[in-house]
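Since the structure comes first, as structure tokens, the remarks are kept for the end.
Here, residue 1 is the first one in the sequence, and each next residue gets the next number. The shown structure was predicted, so the numbers you read here are calculated from the model rather than taken from an experiment. Each ligand, and each atom within it, is numbered from 1 in the order the structure gives.
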Amino acid sequence: MKTVVITGAGGILCSTLAKALAAQGHKIALLDLKKEAADKVAQEINAEGGIAIGVEANVLKKESLEAAKKEVNSKLGPCDILVNGAGGNHPLGTTTNPHLLAEDLINAKEGFKTFFDLDAEGIQFVFNLNFIGTLLPTQVFAIDMVGRQGCSVLNISSMNAYTPLTKIPAYSGAKAAVSNFTQWLAVHFSKVGIRVNALAPGFFLTDQNRTLLTTENGELTARGNTIIEQTPMGRFGEPKDLISTTLFLCDDASSFVTGVVIPIDGGFSAFSGV
Ligand code: NAD
């Protein structure tokens with residue numbers, strides 16, 4: 001039985017991973033900015049006979065993570081597995097259209113954003129949430145893993161780390177940084193036996209992207225349609241599609257696997273579009 005710390009654990013994807021890891025018999029610390037969301041998942045796990053606690057933590061504040069670590073260590077023991085799940089995009093790092101047209105600059109409308117209107121603070125927010133929000137929890141929790149057996153870190157990258165998606169330069173760049181950092185850290189931690197890997201999920205319908213990909217009556221938007229057309233398996237991912245790879249990467253069954261970023265994308269990253 002291992003102690004697993006999951007950030008962003010109140011969210012759609014990581015709550016599913018938390019439940020799957022709990023069902024394997026691990027003790028789960030669910031960290032989230034939204035304590036109520038983490039507590040709700042913890043209650044669901046405990047009601048099923050698992051062991052879980054909800055802990056408030058901001059992945060961008062070291063002191064908040066240190067306080068969370070104290071609580072985790074006293075209630076569940078030292079951290080064996082860290083899943084860096086907190087992450088996401090922000091409208092301020094997003095352009096309105098995929099391509100710039102010359103007339104966009106001439107007929108500029110209120111609220112219409114081209115590359116030239118992107119806000120540095122919005123871009124910084126996205127870089128911080130995804131990259132610094134992976135680095136700081138690793139600094140705080142992976143120290144527990146040094147000198148112990150069977151410990152690992154699992155990051156969450158994305159499809160856009162391989163080839164950037166239109167409209168979201170900040171989120172694409174930040175996830176590319178997460179993939180790069182996964183490899184760097186795998187090498188850095190290799191002599192102390194801590195493995196570091198990442199998932200690169202394709203397109204999963206969640207609260208973050210539902211309005212971008214589907215209309216109010218549940219039909220696909222133009223962007224949603226493009227994604228399905230470019231996904232050889234012809235569907236969005238479901239949170240449960242991430243479970244088996246997560247269990248494998250967090251288990252000693254993958255004891256010689258480190259520095260990999262595994263796409264879980266229905267073939268999106270393998271398809272050239274032709
Ligand atoms: P989600 O929005 O459902 O969950 C994210 C959780 O992180 C939320 O509970 C939120 O409260 C928490 N959070 C946000 N800022 C935080 C902070 N500063 N400190 C602590 N917690 C914070 O998102 P999701 O779709 O489940 O995504 C989980 C991860 O998967 C993210 O890293 C996301 O970028 C990545 N991802 C998602 C998709 C997708 O299609 N949904 C695809 C690829 C990668």
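Heavy atoms of A200 found under 4.0 angstrom from ligand 1: none, in either backbone or side chain. With a 4.0 Å heavy-atom cut-off, ligand 1 is reached by the backbone of L13 and by its side chain too. Looking at N89 against ligand 1, nothing comes within 4.0 Å, counting heavy atoms. Contact annotation: for S157 versus ligand 1, heavy atoms closer than 4.0 Å belong to the backbone alone. Counting heavy atoms closer than 4.0 Å to ligand 1, residue L31 contributes nothing at all. At a heavy-atom cutoff of 4.0 Å, ligand 1 is contacted by the side chain of K175 but not by its backbone.
Distances between N or O atoms of I156 and those of ligand 1 include no value under 3.5 Å. Polar contact check, F204 against ligand 1: a nitrogen or oxygen pair lies under 3.5 Å apart. Polar contact check, L60 against ligand 1: no nitrogen or oxygen pair lies under 3.5 Å apart. Any N or O atom pair closer than 3.5 Å counts here, and T206 shares at least one such pair with ligand 1. For P201, no nitrogen or oxygen atom sits less than 3.5 Å from a nitrogen or oxygen atom of ligand 1, counting backbone and side chain alike.
S74 approaches E71 most closely through the heavy-atom pair OG-O, 3.2 Å. Pairing each heavy atom of L249 with each of A198, the nearest pair is CD1-O, 4.3 Å.
With no hydrogens or angles considered, a side-chain donor-acceptor pair links K175 and N130 at under 3.5 Å. Checking N197 against S152 by side-chain atom types alone, no donor-acceptor pair falls below 3.5 Å. Counted by atom type alone, T231 and D265 present zero donor-acceptor pairs between their side chains at under 3.5 Å.
Test T214, T166, N209 against R223 for side-chain hydrogen bond (donor to acceptor under 3.5 Å, both in side chains) and you get one pass: T166. Of the residues T138, T134, T182, the one that meets the side-chain hydrogen bond (donor to acceptor under 3.5 Å, both in side chains) test with N84 is T138.
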Review point. Should E238 and K240 be marked as a salt bridge (charged side-chain N to carboxylate O under 4.0 Å, His left out) after you check the CA-CA gap, both sets of side-chain angles, and the distance that decides it?
Key: CA-CA 5 Å; E238 292 174 32; K240 65 179 169 52; 3.3 Å; yes
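Taking each of G88, G237, G87 in turn, the one with a heavy atom nearest to atom 5 (C) of ligand 1 proves to be G87.
For atom 33 (C) of ligand 1, the nearest protein heavy atom (residue, atom name, distance) is Y171 OH, 3.5 Å. From the protein, the heavy atom lying nearest to atom 21 (N) of ligand 1 is L33 N, 3.2 Å. G202 O, 3.2 Å is the protein heavy atom nearest to atom 42 (C) of ligand 1. Q208 NE2, 3.0 Å is the protein heavy atom nearest to atom 23 (O) of ligand 1. Of the protein's non-hydrogen atoms, the one nearest atom 18 (N) of ligand 1 is N58 OD1, 2.9 Å. In terms of protein heavy atoms, atom 7 (O) of ligand 1 is closest to G8 CA, 3.4 Å. The shortest contact between atom 15 (N) of ligand 1 and any protein heavy atom is with L129 CD1, 3.5 Å. Of all protein heavy atoms, the one lying nearest to atom 8 (C) of ligand 1 is D32 OD2, 3.6 Å.
Between F204 and F236, the ring centre distance reaches or exceeds 6.0 Å.
Between D144 and K69 there is a salt bridge, since a side-chain N of the basic residue sits under 4.0 Å from a carboxylate O of the acidic one. Remark: K34 does not engage E36 in a salt bridge, criterion side-chain N to carboxylate O under 4.0 Å. Classification of R195 and D252 as a salt-bridged pair fails, no side-chain N sitting under 4.0 Å from a carboxylate O.
For the pair G133 and ligand 1, no heavy-atom separation below 4.0 Å is found. In this structure, G85 is part of the shell of residues with a heavy atom less than 4.0 angstrom from ligand 1.
Within 6.0 Å of CD1 in I12 there are more than 12 heavy atoms belonging to other residues, nucleotides or ligands.
V4 is not listed as a side-chain neighbour of C250, based on a closest heavy-atom distance of 4.5 Å or more.
Near A57, meaning under 4.0 Å from one of its heavy atoms, ligand 1 places the atoms 19 (N), 20 (C).
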